[in-house]
Amino acid sequence: MKEIELSKKKNGMAVLLLVVLLYALAITGTVFSGIWMQNNWSPAATALMVVCIIFLCIGWFPLCGLKVLKPQEALVLTLFGTYVGTLKGNGFYYVNPFCTSVNPAAKTRLSQSGDVKQAASGLDAAAAAAVSFENTGKKISLKIMTLSNNRQKINDCLGNPIEIGIAVTWRIVDTAKAVFNVDNYKEFLSLQCDSALRNIVRLYPYDVAPGVDTTGDGIADEGSLRGSSEIVAERIRSEIQERVHEAGIEIVEARITYLAYAPEIAAVMLQRQQASAIIDARKMIVDGAVGMVEMALERLSEQEVVELDEERKAAMVSNLLVVLCGNHDAQPIVNTGTLY
């Protein structure tokens with residue numbers, strides 16, 4: 001299905017003025033023919049009155065072909081089931097009155113910009129009715145919209161359940177494909193976002209894990225959902241774009257809005273992260289303490305402050321490591337005797 005843009009239909013004002021003028025002439029003709037028949041009846045006066053009355057009854061029908069579009073709106077038109085074209089751009093259009101507009105997703109409500117599930121509590125009845133009327137029209141928005149699907153529980157490549165949510169920015173670039181190639185382009189987009197998200201998330205661990213290949217090149221890397229969010233988001237965007245191309249939708253951007261372990265393992269994983277952080281901190285403390293002990297022994301030996309045998313060196317190293325690696329401040333003990 002190829003989109004046909006109707007760009008030479010902006011003559012709605014001329015048609016409206018013509019209908020108003022014809023109505024004025026019909027009313028004038030009705031009055032004139034009535035006076036004429038009252039004064040001197042003739043077949044011509046009767047014919048004029050019949051024509052004028054018939055026009056007054058059905059002359060409004062061409063007004064059904066008037067269409068008003070605001071910026072970044074489109075209207076897909078069909079004539080007796082045949083696609084005739086799409087109106088795009090702001091303006092006052094006139095089309096065949098028998099043409100009908102098609103938008104199968106007009107009443108679909110998703111968690112996205114431009115859709116309203118229910119009127120806000122602060123709106124009055126008139127405002128709520130206006131919102132409902134505007135959202136149930138057959139016009140297709142060409143604006144950039146943001147779809148925020150519900151959070152999903154997915155297992156990462158290590159089998160850990162996580163909860164993740166994404167926000168997808170999209171717009172319609174081909175109205176004919178969006179209307180005729182899929183049953184409902186909004187529901188289609190939502191389902192494809194969920195499917196693509198699952199396919200990509202299953203390739204990554206939540207945090208960096210050894211021996212995991214996330215790129216498919218057979219080499220282990222350090223990719224993760226937490227540390228490679230930009231790369232993951234771009235892969236999700238590309239995956240969704242491949243799936244919705246035939247629906248005439250362009251995916252502008254995809255971003256991760258929520259990422260966390262599932263509640264059933266969140267506490268255990270938090271303890272694991274804390275243990276890993278403690279081990280890393282202890283390792284750094286030990287490395288620093290060993291370096292400081294080596295420096296102290298070298299300085300004492302170079303400056304010949306004191307001569308230490310191997311046993312005293314071992315005692316000094318033990319005391320320094322206890323002081324430097326301990327969690328609490330050292331309590332000094334003054335030794336007034338000897339080691340023997």
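From a predicted model like this one, the values you see are computed outputs, not experimental measurements.
Separation of atoms OG1 (Thr86) and CD (Glu5) is listed at 8.0 Å; rounding is to 0.5 Å. Summarising the geometry, atom OG1 belonging to Thr175 is positioned 7.5 Å from atom CG belonging to Leu142; distances are rounded to the nearest 0.5 Å. In this structure, the separation between OG1 on Thr30 and CE on Met49 is 6.5 Å, given to the nearest 0.5 Å. One finds the CD1 atom of Ile240 at 12.0 Å from the CH2 atom of Trp170 (value rounded to the nearest 0.5 Å). Residue Lys2 holds its NZ atom at 10.5 Å from OH of Tyr83, rounded to the nearest 0.5 Å. The CD1 atom of Ile164 sits 10.0 Å away from the CG atom of Asp156 when rounded to the nearest 0.5 Å.
When side chains are defined from C-beta on, Ile251 counts as touching Leu189, because their heavy atoms get closer than 4.5 Å. Counting heavy atoms from C-beta on, the side chains of Leu25 and Phe55 never come closer than 4.5 Å. Using a 4.5 Å cut-off on side-chain heavy atoms (C-beta onward), Pro263 and Glu163 make contact. Side-chain contact between Cys99 and Leu79 is present, with at least one heavy-atom pair separated by less than 4.5 Å. Contact of the Phe180 side chain with the Thr78 side chain is registered, since non-hydrogen atoms from C-beta on lie closer than 4.5 Å.
Between Ala105 and Asn184 the shortest heavy-atom distance is CB-OD1, 3.2 Å. Residues Lys139 and Asn103 come closest through the heavy atom pair O-ND2, 3.1 Å. The nearest pair of heavy atoms linking Cys193 to Leu147 is SG-CD2, 3.9 Å. When every heavy atom of Phe61 is checked against every heavy atom of Pro97, the shortest pair comes out as CE2-CB, 3.6 Å. Glu253 approaches Arg237 most closely through the heavy-atom pair CA-CD, 4.0 Å. Listed here is the closest heavy atom pair of Ala178 and Ile172: CB-CG2, 4.1 Å.
Hydrophobic clustering places Val95 together with Phe98 (ILVMFWY residues linked when any side-chain heavy atoms are closer than 4.5 Å, directly or through intermediates). Taking hydrophobic clusters as Ile, Leu, Val, Met, Phe, Trp and Tyr residues chained together by side-chain heavy-atom distances below 4.5 Å, Val290 does not share a cluster with Met295. Taken together through direct or relayed side-chain contacts under 4.5 Å among Ile, Leu, Val, Met, Phe, Trp and Tyr, Tyr93 and Val84 form part of one hydrophobic cluster. The hydrophobic cluster containing Leu22 also contains Leu17, counting ILVMFWY residues as joined when their side-chain heavy atoms lie under 4.5 angstrom apart, directly or transitively. Criterion: ILVMFWY side-chain heavy atoms under 4.5 Å apart, direct or through other members. Under it, Tyr258 and Ile200 are not part of a common hydrophobic cluster.
Listed for the Thr257 side chain is a donor-acceptor partner under 3.5 Å among the backbone atoms of Gly165. Listed for the Ser224 side chain is a donor-acceptor partner under 3.5 Å among the backbone atoms of Gly227. Judged purely by atom type and a 3.5 angstrom limit, Gln192 has no side-chain atom pairing as donor or acceptor with the backbone of Glu187. Using a distance-only test at 3.5 Å, with no hydrogens or angles considered, no donor-acceptor pair links the side chain of Ser190 to the main chain of Lys186. In this structure, the side chain of Tyr23 engages the main chain of Trp60 through a donor-acceptor pair within 3.5 Å.
Contact check on Arg235 versus Glu230 returns no salt bridge, with no Lys/Arg side-chain nitrogen under 4.0 Å from an Asp/Glu carboxylate oxygen.
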> Passes side chain to side chain contact (heavy atoms under 4.5 Å, CB included), Gln72 versus Arg171? Steps please.
Replying inline: CA-CA 11 Å; Gln72 294 297 318; Arg171 64 183 173 188; over 6 Å; no
> How far apart are the C-alpha atoms of Leu191 and Ser195, what are their side-chain angles, what is the distance that settles it, and do they pass the side chain to side chain contact (heavy atoms under 4.5 Å, CB included) test?
Replying inline: CA-CA 6 Å; Leu191 293 176; Ser195 177; over 6 Å; no
>> Let's go through Ile27 and Leu56 carefully: what are the C-alpha distance in whole Å and the side-chain angles of both, what is the deciding distance for side chain to side chain contact (heavy atoms under 4.5 Å, CB included) to 0.1 Å, and is it a yes or a no?
In response: CA-CA 8 Å; Ile27 294 174; Leu56 290 175; 3.9 Å; yes
>> Does Tyr204 form a side chain to side chain contact (heavy atoms under 4.5 Å, CB included) with Ile162? I'd like the steps, not just the answer.
In response: CA-CA 11 Å; Tyr204 287 84; Ile162 64 172; over 6 Å; no
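The side chain to side chain contact (heavy atoms under 4.5 Å, CB included) search around Lys177 returns Asp174, Asn181, His245, not counting sequence neighbours.
The environment of CG in Asp183 is sparse: at most 12 heavy-atom neighbours from other residues, nucleotides or ligands sit within 6.0 Å. Other residues, nucleotides and ligands contribute at most 12 non-hydrogen atoms within 6.0 Å of the CD atom of Glu222. Counting non-hydrogen atoms of other residues, nucleotides and ligands closer than 6.0 Å to CG of Leu6 gives a total above 12.
Identified under the ring pair (Phe, Tyr, Trp, His ring centres under 6.0 Å) test for residues 205-240, with sequence neighbours left out: Tyr206-Tyr261.
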